[in-house]
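Everything below concerns the one structure shown next.
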Amino acid sequence: MARHQRRSQAARRAVQREERRSRNQARGRGRRWLYWISSGTIGALIIVSFTITSLPTPVSNVPTGEEAMAIIPEGQRYLGYTSSPPTYGPHWPTGAAWGVRTEDIPDERQVRNLAEGGVLIQYNTDNQDLIDQLEQFALRQSDFPCYLIVAPFERMEATIAVTAWGAMETMDVYDEEQLQEFVDTFRGTGPELVSCAPLG
């Protein structure tokens, strides 16, 4: 009888051990699944965060408060522009004359032109054929030279940059369709629009 009880107890203990082992294995599997799901979620979030931070910030989302529209004294430099060439910010009280220019225009004067509704087509190249193309493009625009400037700008990385108040596009080769679309969209749309009489 005692031997039979010992065998029964041993069998119960074996069953209990097996049940514990099964429960532990199930918990282990659950933990592994949780680990893999957590790791995958974290990895996905990291990838998404890199993707989001690498997306371009649209230049057209510009502030319209006093600082963005501030007029600073002629000759005073402003070092806070967020792009080169600039597209908005504090500026001098007078802009450059509309038309074709042969020298770089100071940032603060450019921004004044943009505020007045101007589009600036600027280049960083010695390629005279490209410069001629840009100048001829400007000359063909209706009401030239109003609200349009073509000028060199040596402090930018792109070959060509076209800017308006709060907007910029760059290109490495002449693209007349892209230029025309930008000019048609932004010319004469600055926040401090001034009147302009075309030549002739």
Side-chain angles (χ1 to χ4, degrees), residues 56 58-62 64 68-200:
V59 147
S60 57
N61 292 338
V62 299
T64 56
M69 306 292 293
I71 295 177
I72 57 178
E74 187 85 16
Q76 179 179 320
R77 304 315 305 262
Y78 177 73
L79 302 178
Y81 295 122
T82 59
S83 63
S84 182
T87 60
Y88 67 92
H91 48 273
W92 292 346
T94 57
W98 304 119
V100 174
R101 313 261 66 83
T102 57
E103 295 181 354
D104 286 30
I105 301 169
D107 290 356
E108 297 80 7
R109 199 172 306 287
Q110 287 187 42
V111 176
R112 178 61 196 183
N113 284 103
L114 302 181
E116 292 179 356
V119 169
L120 273 69
I121 302 170
Q122 297 179 92
Y123 54 85
N124 182 15
T125 182
D126 293 325
N127 182 336
Q128 192 57 50
D129 289 338
L130 175 55
I131 296 169
D132 290 344
Q133 281 182 304
L134 295 172
E135 292 177 355
Q136 290 302 314
F137 169 83
L139 290 167
R140 289 194 300 273
Q141 301 303 304
S142 62
D143 297 334
F144 179 83
C146 288
Y147 310 119
L148 202 56
I149 291 177
V150 178
F153 189 78
E154 296 179 357
R155 292 178 289 114
M156 66 181 182
E157 295 180 6
T159 304
I160 302 167
V162 54
T163 55
W165 182 265
M168 175 167 63
E169 287 188 20
T170 60
M171 54 192 84
D172 293 320
V173 295
Y174 179 78
D175 185 333
E176 185 163 331
E177 185 176 340
Q178 187 177 356
L179 279 173
Q180 191 65 62
E181 184 177 354
F182 190 96
V183 168
D184 291 345
T185 301
F186 294 105
R187 188 180 179 200
T189 62
E192 300 175 42
L193 192 64
V194 297
S195 60
C196 177
L199 295 176

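Computed over heavy atoms, backbone and side chain alike; hydrogens, waters and symmetry mates excluded.
- Atom CD1 of Ile72 is separated from atom NE2 of His91 by 8.5 Å, given to the nearest 0.5 angstrom.
- No more than 12 heavy atoms of other residues, nucleotides or ligands sit less than 6.0 Å from atom CG of Asp126.
- Annotation: the span from Tyr174 atom OH to Gln136 atom CD amounts to 9.0 Å, rounded to 0.5 Å.
- Rounded to the nearest 0.5 Å, atoms CG (Leu139) and CG (Asp132) are 10.5 Å apart.
- Between Met171 and Leu179, some side-chain heavy-atom pair lies under the 4.5 Å cut-off.
- For CD of Glu157, the number of neighbouring non-hydrogen atoms (other residues, nucleotides, ligands) closer than 6.0 Å is 12 at most.
- Scanning all heavy atoms of the two residues, the minimum distance from Ser83 to Met168 falls at CB-CE, 3.8 Å.
- Between Leu134 and Tyr123, some side-chain heavy-atom pair lies under the 4.5 Å cut-off.
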Cut-off 3.5 Å, no hydrogens considered: what does the side-chain donor-acceptor table look like for residues 142-152, sequence neighbours left out?
from   : atom 1 : to     : atom 2 : distance (Å)
Tyr147 : OH     : Val194 : O      : 2.3

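- From Glu108, atom CD reaches atom OG1 of Thr94 across 11.5 Å, with rounding to the nearest 0.5 Å.
- A distance of 6.0 Å separates CE in Met156 from CD in Gln122, rounded to the nearest 0.5 Å.
- At a threshold of 4.0 Å, the pair Glu116-Arg112 counts as salt-bridged, since one of the basic side-chain nitrogens sits closer than that to a carboxylate oxygen.
- When all heavy atoms are compared, the tightest approach of Gln110 to Pro86 is OE1-CD, 3.8 Å.
- Scanning for salt bridge (Lys or Arg N to Asp or Glu O under 4.0 Å) contacts around Glu169 gives an empty result, with sequence neighbours left out.
- Here the shortest heavy-atom pairing between Thr170 and Ala161 reads CG2-CB, 4.1 Å.
- Taking each heavy atom of Pro191 and Leu114 in turn, the nearest pair found is CD-O, 4.3 Å.
- Checked options Gln141, Glu135, Gln133; the residue passing with Phe137 is Gln141 (criterion: side chain to side chain contact (heavy atoms under 4.5 Å, CB included)).
- We find the OG1-CG distance between Thr159 and Asn127 to be 9.0 Å, quoted to the nearest 0.5 Å.
- Counting heavy atoms from C-beta outward, Tyr88 and Thr163 have side chains that stay 4.5 Å or more apart.
- For Gln128, the CD atom is densely surrounded, since the number of other residues' heavy atoms within 6.0 Å is greater than 12.
- Side-chain atoms of Gln180 and Asp184 include a donor-acceptor pair closer than 3.5 Å.
- In terms of modelled atom types and a separation under 3.5 Å, the side chain of Asn113 and the main chain of Ala96 share a donor-acceptor contact.
- Ring geometry for Phe186 versus Phe182: interplanar angle of 30 to 60°, hence tilted.
- Across every non-hydrogen atom of Trp92 and Gln76, the tightest pair is NE1-O, 2.7 Å.
- Here the shortest heavy-atom pairing between Asp104 and Phe153 reads OD2-CA, 3.5 Å.
- Counted within 6.0 Å of CD on Glu181, heavy atoms from surrounding residues, nucleotides or ligands total 12 or fewer; the atom is thus considered open.
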